[in-house]
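Here is the structure we will look at, set down as structure tokens.
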Amino acid sequence: MPQPRSVYNFNRIIARTPSRSVVNGLRAEDRGNPTYEGVKAEHDAYLQAMQKAGVEVAVLPALEAFPDAIFVEDPALVFTEGAILLRPGAATRVKEVEEIAPTLRDAFETVLELPGTGYADGGDVLTTGESVMILSARTDKAGAEALQSCLDRLGRKSEIVATPEGVLHFKTDCSLLDDETVLSTNRLARSGVFGKFKQVIIPEGEEAAANALRVNDVVMVGADFPRTIEMLDRAGFKVVPLKTTEIGKIDAGLSCMSLRWFSCGKGG
Ligand code: CIR
């Protein structure tokens, strides 16, 4: 019998080397370009932390034509049961799906494609015991419903909830700390989406720290957020601070740089 495991137990990830064009990555508000060297260093440290957390890392080559392709979380979703190819809501990112599809077809026996014409970004999906799905600037109603039909086929329950105005991706503002606890910004927690969870609220002024990432025993947190780090440390979590200053300039955080799943061997 397989051991019961938590949704944050992963043994494999897929990541993608940043391209030099990453400096032109999409952003809602311009705070200056990130540097390629800075992004690369942050990405390297992230991959090292993943290995240390016990995960086998596959790294795909850089794609110069797609500045945001380093953020592999958005064009697809992966689970032990299979993968889903999505349709990102940003026009410049739609073709990232074709780029990642062959890798997913090699790694998973079941690879579903989002039906219809709606848009859905992986960054809008928080996988808990259920999968919480969201409408946001990037995921529309048609995309969210199409994604629900795919999740059904993989045997995953899901719900569609609303992201507050001004939040790019659902996971921009929250992450899972353990099976029953979420880390959330105050604005997202106030919207009432996490009714059944224990909620740990990000200290005011450190909202970008909400995109933390629980992987096995550790919680990866942006190194620029000392109050969040201290709070989680005191709460007993094993915190691994990682620099996100450069990727933060293009609206990214720690979850965006990998597709994570627990592989039981063949077919996922
Ligand atoms: C974008 O706007 O698409 C990228 N610059 C950032 C993507 C962040 N991805 C994520 O939160 N899952």
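Predicted model, so just to flag it, every value in this text is computed and none were measured. Both ligands and their constituent atoms are indexed starting at 1 by order of listing.
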Please confirm whether Arg27 comes under 4.0 Å of ligand 1, counting heavy atoms of the residue only.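 Not so, Arg27 does not reach ligand 1.
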Against heavy atoms of [X], which atoms of ligand 1 measure under 4.0 Å?
X      : result
Arg138 : 1 (C), 2 (O), 3 (O)
Gly123 : 12 (N)
Ile250 : 4 (C), 5 (N), 6 (C)
Glu73  : 10 (C), 12 (N)

Leu112 backbone acceptor or donor facing Arg153 side chain under 3.5 Å: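 Between the backbone of Leu112 and the side chain of Arg153 there is no qualifying donor-acceptor contact (under 3.5 Å).
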If we ignore hydrogens and angles and just use 3.5 Å, is the side chain of Glu64 paired with the main-chain N or O of Ser19 as donor and acceptor?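 Checking the backbone N and O of Ser19 against the side chain of Glu64, no donor-acceptor pair under 3.5 Å is found.
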What residue and heavy atom of the protein are closest to atom 10 (C) of ligand 1, and at what distance?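 Checking every protein heavy atom, the shortest distance to atom 10 (C) of ligand 1 gives Cys256 SG, 2.9 Å.
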Atom 4 (C) of ligand 1: which protein heavy atom is closest, and how many Å away?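 Ranking protein heavy atoms by distance from atom 4 (C) of ligand 1, first comes Asp68 OD1, 3.2 Å.
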Does Lys171 approach ligand 1 within less than 4.0 angstrom via side chain, backbone, both or neither, non-hydrogen atoms only?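 Under 4.0 Å from ligand 1, Lys171 contributes no heavy atoms.
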Can you tell me if Asp178 and Thr181 form a side-chain donor-acceptor pair at under 3.5 Å?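 Per modelled atom types, Asp178 and Thr181 side chains form a pair under 3.5 Å.
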Would Ser158 and Gln148 satisfy side-chain hydrogen bond (donor to acceptor under 3.5 Å, both in side chains), going step by step from the backbone distance to the final call? CA-CA 6 Å; Ser158 58; Gln148 262 193 319; 3.2 Å; yes
For the 3.5 Å polar cut-off, considering only N or O atoms, please tell me whether [X] and ligand 1 meet it.
X      : answer
Asp251 : no
Asp74  : yes
Leu26  : yes
Ser255 : no
Thr172 : no
Phe71  : no

Just do the side-chain hydrogen bond (donor to acceptor under 3.5 Å, both in side chains) check on Thr127 and Arg260 with the steps written out, would you? CA-CA 11 Å; Thr127 301; Arg260 306 161 291 278; over 6 Å; no
Could you check whether Arg93 pairs with Glu96 (Lys NZ or Arg NE/NH1/NH2 to Asp/Glu carboxylate O, under 4.0 Å)?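 Between Glu96 and Arg93 there is a salt bridge, with a charged N closer than 4.0 Å to a carboxylate O.
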Over 12 non-hydrogen atoms of neighbours within 6.0 angstrom of OH in Tyr46: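 Yes, enclosed.
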